[in-house]
Amino acid sequence: MHKKLTALAGAFIAATAFSVSAQNLTIGFADPLSSMDPQLNNHAGDRSTSLHFWDLLTENRKNKLEPSLATSWEPIDDKTWKFTLRDDVRWQDGEPFTAEDLIFSYERAKSVPGSVATFAGYLRTIESMEAPDPHTLIVHTTLPNPDLPLDLASVHIVSKHIGERSTTEDYNAGVAVVGTGPYKLVSYTPGDRVVMERNDSYWGEPQPWQKVTYRYINNAAARTAALLAGDVDVIDKVSVSDLPRLKKADNVDVFAHDGLRVMLLQPSFKPGSNEFIRDNNGKPLEQNPLLDAKVREALSVAINREAITQRIMQDTATVANQWMPKGTFGYNPAIQDIPYDPAKAKELLAEAGFPEGFQLTLHVPNDRYPQGPEVAQAVAQFWSRVGVKTKIDVVPWAVYASEARKNNYAMSMLAWGNGTGEASYALVNVLATVDADKGLGASNWGRYSNQKVDDALAKATVEFDTQKREQILQDSATLVMEESGVLPLFHYQNIWAAKKGLDVAPWTSDRTIAQMVTPTAHTTDE
């Protein structure tokens, strides 16, 4: 009885201290933020930041669709969905949230001026919307789309009364950042930090943090140093080289969870010559050798993925043979692991007309992907050993994203988040033939195109039978991998580190947000 009473007392004291403490939290995050406009770019840093201020119609938590601004949803017929909305939500200026805000948001998100990573793919099947009353949204689609509620879990909702008179510049200036989310904006310093305070009128669960400082620290070693020095409370995308040091630190806990993000290499499918593909004398080749499936397969089997995951990622990643990890919707267990076979790579290159190989430049951002440059260097060594003499060009993300999007590189690196937890997310954005009007291929930097893959996406989009839909997605994975449309390397673990006394639990995909950090509830057994 004594132990039980003491534990209860300890829990009460912890809870009381929790409620009256300063409740300040500082997060050091790795992904750059392009804008405070939540509908401008589908970038990881932007998405994480937006989750503090803006809500979603539905939420995909740990690959499970849950209510958010919508309390329920149902198909009325094959091409009509009804969403019932919460009636207790207000914007941070006191105005009520209504279905008209949703209609405005989805129309706006289709074509925000200046977007380089549009959200239009999530909205591609919406034909029209109507609001029969303030708390009901009716969505008509161009074709049957069983995934519409999941698609809408990726588009943040902005207010009509502010958004219709605001530009992206107004969001960056802070004057338009009036959301329904758990935090209010205090200040935004581009390239440095976002400061926010708790929204005490938030409709959802109360947040433990009165003030949150969200600091952009792109260098992994600098993030680790900031945590150990006590300058920040939490860091994300922990460098594998820092893990031993952090695990030994008395004042730090490490939180590692299997993730969805895959590291892909995207070959360019642009015909003709490319300044980053040359013959062994340094002259541009007249035709792009990456158009040949044998060359792409040769590059794929020349890579020792096990060595990369063990030596560079230090077992904080798992070898990938497709874009989805095991256990997810659309992962195809029939696809075999990609062998490490340098001899076969040389044979394939010879068959393709390159017995002596050629020269290639692989581009990688220096401030985006954990261990990205190191992985690129390893890949370059593997390729050089089979005759494809590879140079690495490491550039800042701002330059890299612009050039890769234009298909100006020969080989690009993309760490794709698989944010919905199912295979069609990458099909829409990375593997579908680029069609801006349809919202397809927004991150298909190499311009991969396969009509059978496009057809599979179209079939999966309208298939309501779950088993049939998954089979279609699995078959699409086979199609892509059989011709090495992309070269998957590994799936990341998501790794955070935090001061003792804090718990960090995954929220959605690999986002890093204040809502996933909570004080540890301590009890005693003495």
Side-chain angles (χ1 to χ4, degrees), residues 117 121 260-270 274 276-277 288-303 305 308-309 317-325 328 330-332 335-340 345 348 360 362-365 368-369 372 375-376 379-380 382-383 388 390 400-401 404-405 407-420 422-434 440-454 456-457 473-492:
L260 297 171
R261 187 171 297 276
V262 62
M263 177 63 85
L264 298 170
L265 299 178
Q266 289 184 306
S268 173
F269 287 80
K270 180 164 56 176
N274 185 307
F276 299 113
I277 307 177
N288 177 6
L290 300 178
L291 293 173
D292 191 327
K294 289 184 177 181
V295 173
R296 299 194 302 273
E297 183 183 358
L299 294 177
S300 187
V301 299
I303 300 170
R305 290 166 173 80
I308 289 175
T309 58
T318 55
V319 169
N321 60 14
Q322 56 195 286
W323 67 89
M324 297 303 297
T328 56
Y331 168 80
N332 189 341
I335 294 177
Q336 300 296 309
D337 286 345
I338 302 168
Y340 170 51
L348 289 166
L360 174 71
L362 167 60
H363 283 83
V364 58
R368 186 73 171 182
Y369 306 138
V375 170
V379 169
F382 290 129
W383 286 349
V388 180
T390 305
Y400 177 86
R405 182 172 179 264
N407 193 19
N408 286 340
Y409 295 146
M411 187 71 70
S412 303
M413 178 175 277
L414 173 67
W416 181 251
N418 287 313
T420 63
E422 52 92 56
S424 68
Y425 184 54
L427 282 173
V428 169
N429 292 284
V430 180
L431 298 162
T433 300
V434 175
L440 297 174
S443 296
N444 184 351
W445 294 337
R447 303 299 190 272
Y448 170 75
S449 181
N450 182 328
Q451 186 59 52
K452 291 182 179 180
V453 174
D454 293 341
L457 173 60
L473 295 176
Q474 291 176 343
D475 292 343
S476 72
T478 298
L479 289 170
V480 174
M481 299 317 303
E482 281 181 343
E483 61 177 0
S484 303
V486 291
L487 312 184
L489 299 182
F490 55 80
H491 290 100
Y492 281 104

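Just so it is clear, the structure is predicted and the values come from calculations on it, not from any experiment.
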Using the side-chain contact (heavy atoms from CB on, under 4.5 Å) criterion, which residues pair with [X]? Sequence neighbours excluded.
X	answer
Val428	Arg124, Leu440, Leu457
Gln336	none
Thr318	His491

Next item on the list: Enumerate the residue pairs fulfilling salt bridge (Lys or Arg N to Asp or Glu O under 4.0 Å) with a member in residues 293-303, sequence neighbours excluded, ordered by first and then second residue.
Entry: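 Qualifying pairs, neighbours excluded: Lys294-Glu351, Glu297-Lys344.
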Quick one: side chain to side chain donor-acceptor pair (under 3.5 Å) partners of [X], sequence neighbours excluded?
X	result
Arg305	Ser300
Ser449	Thr433
Asp292	none
Glu482	none

Quick one: list whatever passes ring pair (Phe, Tyr, Trp, His ring centres under 6.0 Å) with [X], sequence neighbours left out.
X	answer
Trp416	Tyr425
Tyr331	none
Trp323	none
Tyr369	none

